[in-house]
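Within every chain, numbering begins at 1; the chains are lettered A, B, ... in the order of the sequence lines, protein sequences first and strands thereafter.
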Protein chains: 2
Amino acid sequence: MSSKPKTRTVPEETIYSDAPSAALHPLLSVDTIIFSVIGGRLNVLLVKRAFIPGKELSYPFQGKWALVGGLLDTKRDASLEDAALRRLLEKTNLRSPYLEQLQSFGNALRDPRKWAATVVYFALIAAEGLQLQSGTSVEEVRWWPIDDAVKLKLAFDHSHILEVALHRLRSKVEYTTLPANLLPAEFTLSELQAIYEIILGRSLDKSSFRKRVLSADFVDEARNVRKGPNRPAQLYRIKPGRNAVVFPRTFYS
Amino acid sequence: MSSKPKTRTVPEETIYSDAPSAALHPLLSVDTIIFSVIGGRLNVLLVKRAFIPGKELSYPFQGKWALVGGLLDTKRDASLEDAALRRLLEKTNLRSPYLEQLQSFGNALRDPRKWAATVVYFALIAAEGLQLQSGTSVEEVRWWPIDDAVKLKLAFDHSHILEVALHRLRSKVEYTTLPANLLPAEFTLSELQAIYEIILGRSLDKSSFRKRVLSADFVDEARNVRKGPNRPAQLYRIKPGRNAVVFPRTFYS
DNA sequence: GGAATAGTGTCTATTAGACAGTATGTC
DNA sequence: GACATACTGTCTAATAGACACTATTCC
């Protein structure tokens, strides 16, 4: 996904701008919010910022929990999304199959060092069998149940960003098939329904849920069934290229 | 809305980063896409980049049409949104009552000078009675009918950005009350329906449209009526704080 | 009264939700 | 057969769309 930038770089002083001081660049970073459902609860992936004694001014919020991210590196990142994927991999050893852009945040005060902007991505992934691993400048990586995470005082304005992401997630659950990404490639409709119920925080009628999902035409029957101590359940998989279909209505009840 | 940044600025060389070359900053700009319905057609506001002889390298795409925007100025802009509003005012003399963030775009190749990212906002406004005025580095400002605008080769990746914005607009029209922002403060339901029909490119049933809008509870009856050579029409205004209500269903027909 | 647009009433088709009932596996 | 969960069928209520009808103004 990465490729070497090919731009000719014009020396900064010569870049024409109608602003008086274009050389006063802001910092630009990327952050990624990864959600997963683990043990029946919605979780978010956070990293604890390393302690680097003597660098408190230039590396703030030491020891604080934060979203996964970091400064953009124009030498190594071909695009914003590349940057987010690279940071995710570097800091947590995780590869996300896709990223959706949430929003950008930028102002003079969110970073104690200087004017800073961040482009935030988010993704839903199946947590099963993932190998997390603390990477660069990270003391610890772990999943936080969402109810605990929102009570933390995260680094920078990350608590605020998390709230925005949660709001977006909850609203998208109402009318899209996005949450299917929280499951492994093959899943049963009951498993999918459980995911919806966890995120929405209320139960849904089985019959309408199935009608809704099947008529949205975004899953294919898989070959196999899920065995258990009861009637086996048909497995489904997301149709290729359909990972966020929009339902024509929201859930009622 | 602007306030003076209060951050203490740490010299760049001392900013700790886990990236090897944090000093290689990308350019950060903001761009704004303003839509309006004029003469029964959807229009977008574009500016023509000035000719500045001898500055072709440092000020690219001279003479090309572009979205309204420019580099961020950390001295003058307290936030990304402030920056977008300031550029809009500077370059076109327009004040937008609100801005919605569309998306950010950033990669190594979209700007010939260097790695560049832009945070893009969009807004729908009522065009009537607006005084456009070409500002800084702008040779011309004007409304372009959308069908013509998409055929232009805009500066940078602005043609691509315009397509993304159009897609977002058309999809939001299906299930939100956003298009009401294209009308002046007071409007009739017939006028609102006409706006929806223009953007959707198809006609809607009057009865269902009215039921839908009124039951969404986002307009209040105004005092006045709109007079004409026929039965006068009730005027409505958007309820305070309700400028983008979501309908529980999309339009069918 | 005629023209024109505003606004309403009624019927139908669709469908979400409720909920009971049936199906199919394990033990 | 008991059980557990998968899956389906039927009824009801809500409502979007179609479309005809009425209302109110200017001329």
Side-chain angles (χ1 to χ4, degrees), chain A residues 40 173-177 179-180 183-184 186-198 200-237 245-253, chain B residues 40 173-177 179-180 183-184 186-198 200-237 245-253:
Chain A
V173 169
E174 294 278 353
Y175 63 94
T176 75
T177 63
L183 291 169
E186 300 201 339
F187 52 86
T188 71
L189 294 188
S190 298
E191 289 162 356
L192 184 59
Q193 184 175 349
I195 292 282
Y196 273 84
E197 291 176 339
I198 288 164
L200 288 172
R202 65 177 194 263
S203 59
L204 298 170
D205 179 78
K206 181 165 51 168
S207 172
S208 0
F209 183 82
R210 299 173 71 91
K211 273 185 271 182
R212 191 188 175 93
V213 167
L214 293 176
S215 66
D217 188 41
F218 87 109
V219 288
D220 281 326
E221 286 193 4
R223 292 268 170 73
N224 304 338
V225 292
R226 169 96 68 233
K227 299 248 179 190
N230 44 34
R231 175 171 172 178
Q234 177 65 51
L235 284 166
Y236 293 86
R237 37 173 64 244
V245 172
V246 174
F247 294 124
R249 302 193 189 181
T250 58
F251 290 105
Y252 276 162
S253 61
Chain B
V173 169
E174 294 278 352
Y175 62 95
T176 75
T177 63
L183 290 170
E186 301 201 338
F187 51 86
T188 70
L189 293 187
S190 298
E191 288 163 357
L192 184 59
Q193 181 173 350
I195 292 281
Y196 273 85
E197 291 177 340
I198 287 164
L200 288 172
R202 65 176 195 264
S203 58
L204 298 170
D205 179 78
K206 182 167 50 167
S207 172
S208 355
F209 183 82
R210 298 173 73 92
K211 275 186 269 182
R212 189 187 176 98
V213 167
L214 293 176
S215 66
D217 187 42
F218 88 107
V219 288
D220 281 326
E221 285 192 3
R223 291 267 171 74
N224 304 338
V225 292
R226 167 96 66 232
K227 299 249 181 188
N230 45 34
R231 176 172 173 176
Q234 178 65 52
L235 284 166
Y236 293 85
R237 37 174 65 241
V245 172
V246 174
F247 295 123
R249 303 194 189 180
T250 59
F251 290 104
Y252 276 162
S253 59

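Atom P of nucleotide C:dA4 and atom CG of B:N230 are separated by 10 Å, given to the nearest angstrom. The distance between atom CZ of B:R212 and atom P of D:dT15, rounded to the nearest whole Å, is 13 Å. Rounded to whole Å, atom P of D:dC7 lies 7 Å from atom CG of A:L189. Across the protein-nucleic acid pair, B:Y175 atom OH and D:dT15 atom P stand 21 Å apart, rounded to whole Å. Per the geometry, CZ belonging to B:R210 stands 14 Å off P belonging to C:dT5, to the nearest Å. Remark: C1' of C:dT5 and CD of B:Q234 are 15 Å apart, rounded to the nearest angstrom. Remark: C1' of C:dA6 and CD of B:E221 are 13 Å apart, rounded to the nearest angstrom. In this structure, the CZ atom of A:R226 is 20 Å from the P atom of D:dA4, given to the nearest Å.
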Polar atom pairs between nucleotides 9-11 of chain C and protein, under 3.5 Å, N or O only, would you list them?
from, atom 1, to, atom 2, distance (Å)
C:dG9, O6, B:S207, OG, 2.8

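Direction change of the helix axis from one end of the helix from C:dG1-D:dC27 to C:dC27-D:dG1 to the other is 10°, with five pairs defining each end axis (rounded to 10°).
Map B:G228 and A:K206 each onto its nearest nucleotide of DNA chain D; the residue landing nearer the 5' end is A:K206.
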- request: Given side-chain contact (heavy atoms from CB on, under 4.5 Å), test B:Y236 with B:L214 step by step and report yes or no.
  value: CA-CA 10 Å; B:Y236 293 85; B:L214 293 176; 4.0 Å; yes
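Once rounded to the nearest 0.5 Å, the distance linking CG of A:D220 with CD of A:E186 reads 11.0 Å. To the nearest 0.5 Å, the span separating CD on A:E197 from CG on A:L204 amounts to 5.0 Å.
Comparing C:dT24, D:dT25, C:dT15 by their closest approach to the side chain of A:R249 singles out C:dT15.
Of all the heavy atoms in A:L192 and A:A180, the pair that sits closest is CD1-CA, 3.8 Å. The two residues B:T177 and B:Y196 have their closest heavy-atom pair at CA-OH, 3.2 Å.
Side-chain atoms of A:K227 and base atoms of C:dG25 include no donor and acceptor less than 3.5 Å apart.
Looking at A:R202 and A:E174, a side-chain N of the basic residue comes within less than 4.0 Å of a carboxylate O on the acidic one, giving a salt bridge.
Using a 4.5 Å heavy-atom threshold, the side chains of B:V213 and B:F218 count as touching. A heavy-atom distance below 4.5 Å is not found between the side chains of B:K206 and B:L189.
Contact annotation: A:R231 side-chain N/O to D:dA4 OP1/OP2 distance is not under 4.0 Å.
Residue B:S208 is in base contact, counting any heavy-atom pair closer than 4.0 Å across all strands shown.
Applying the side-chain contact (heavy atoms from CB on, under 4.5 Å) criterion to B:T176, with sequence neighbours excluded, gives B:K172, B:L178, B:P179, B:V246.
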